[in-house]
Amino acid sequence: MRGQNHNERFLLKKISRSAGPGKRSPRFPSLSLGIGDDAALFRPKAGYETILTCDWFLEGTHFLRDKHPPDSVGWKCLARAVSDVAAMGGSPRYFLMSLALPDVLTGRWLSLFLGGSRRASRKFGCVLVGGDTTQRDDVLINVTAVGEVAPGQAVRRSGAKSGDLIYVSGRLGEAEMGLQALRRSEGSRRTANAYLRKHLYPKPRLELGQWLAKKGLATAMMDLSDGLSSDLPRLCAASGVGGEVEAAKLPVPQVSNADRKRGIEPLHLALHGGDDYELLFTAMPSKSRLLPRIFRGVTLTPIGTMTEKPELLLLEKNGRQCRLVPGGWDPFRTAH
């Protein structure tokens, strides 16, 4: 397919039209200047702290051009960054997006991509205020999200103590199931559709994160993007504690007999599958009674306990203990 012969000015106009307000808008009163100048201007809400985070979304690493719908790429690249805001108990407000793509994708693909990004922007309550564009053979996307949180309410990774209970939201490993179904092109299957949706259109747990922060229930928190076995050690390291996870308590995905015959193991998915964007948090045992089993349709599951000794253990269903080895996503892991 031949290129579109579009210049950068054309692309910027296309992105700007899709983004919404470029100047001050009643919907975003703290935005003084958006797209159209050298930089955006906004006034942080008085008395609030600003949250800043950024995420890459790369073709061949985070999505496959021939498998992932363009609108899901637009949705997910923003959802990933917004999930970091949710993990601190904050509210997203604005985002910047830098986009590198080949000329051949500046037509319909870009229109669908922007449509997905626009839907995500409206769903998460944040607006595109700037970024950059360039030409490249493969697609590279970088999103910077700006959020806010009341002073003293931001939940960090470093607050967990020995004896705290470990919780996760939702069901772990479903997004990995969706990715596997996508690779097999089995989107017509009913179960695959549910898992595909979680993989293609993840929903950052904004309301849950904000509620936990406001109520002071979470002692530490982060989002699950790389898999429980890889993300939990990061929270433990930040807090200077260890942890014990009970395999029997993990909210694993439901798999069919056909999936099991393919070698798909629910426990392995729950421990090592990435892209769930659920929340991993800790809470003092004395406050566990204040945590509902279901929060606005999202399950909250206690899966273990923080320990004083800085090691991570998995209590298997047969009662044996073993070291929980990180097996989730690591872009720098060397294949053996």
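The salt bridge (charged side-chain N to carboxylate O under 4.0 Å, His left out) check on D223 picks up nothing, with sequence neighbours excluded. By the side chain to side chain contact (heavy atoms under 4.5 Å, CB included) test, E49 is found to be paired with V149, residues two or more places apart in sequence or in another chain being considered.
Between the D276 side chain and the G227 main chain, no donor and acceptor come within less than 3.5 Å of each other. Panel note: side chain S111, backbone G107; a donor-acceptor pair is recorded below 3.5 Å. S169 places a side-chain N or O within donor-acceptor distance of the main-chain N or O of L279, the cut-off being under 3.5 Å.
The number of heavy atoms from other shown groups lying within 6.0 Å of CD (E308) does not exceed 12.
Counting only heavy atoms from C-beta outward, the side chains of V139 and W109 approach each other to under 4.5 Å. Counting heavy atoms from C-beta outward, S225 and W329 have side chains that stay 4.5 Å or more apart.
Screening residues 63-75 for side-chain hydrogen bond (donor to acceptor under 3.5 Å, both in side chains), with sequence neighbours left out, gives E59-R65, K67-S185, H68-H199, D71-R119, D71-Y201. Contacts classified as side-chain hydrogen bond (donor to acceptor under 3.5 Å, both in side chains) and involving residues 210-221 (residues at least two apart or in different chains) are given here: S91-Q210, D164-T219, T219-T282. Sorted by first and then second residue, the salt bridge (charged side-chain N to carboxylate O under 4.0 Å, His left out) pairs involving residues 124-136 (not counting sequence neighbours) are R136-D138.
Salt bridge status for R205 with E278: present, with a side-chain N to carboxylate O gap under 4.0 Å.
Here I166 sits in one hydrophobic cluster together with V168, L172, M222, L224, L228, L232, L235, V241, V245, L250, V252, L267, L271, L280, I303, M306, L312, L314, L324; the rule is ILVMFWY side chains under 4.5 Å apart, joined directly or through other members.
Geometrically, K198 does not engage Y195 in a cation-pi contact, judged by NZ or CZ lying under 6.0 Å from the ring centre and within 45° of the ring axis.
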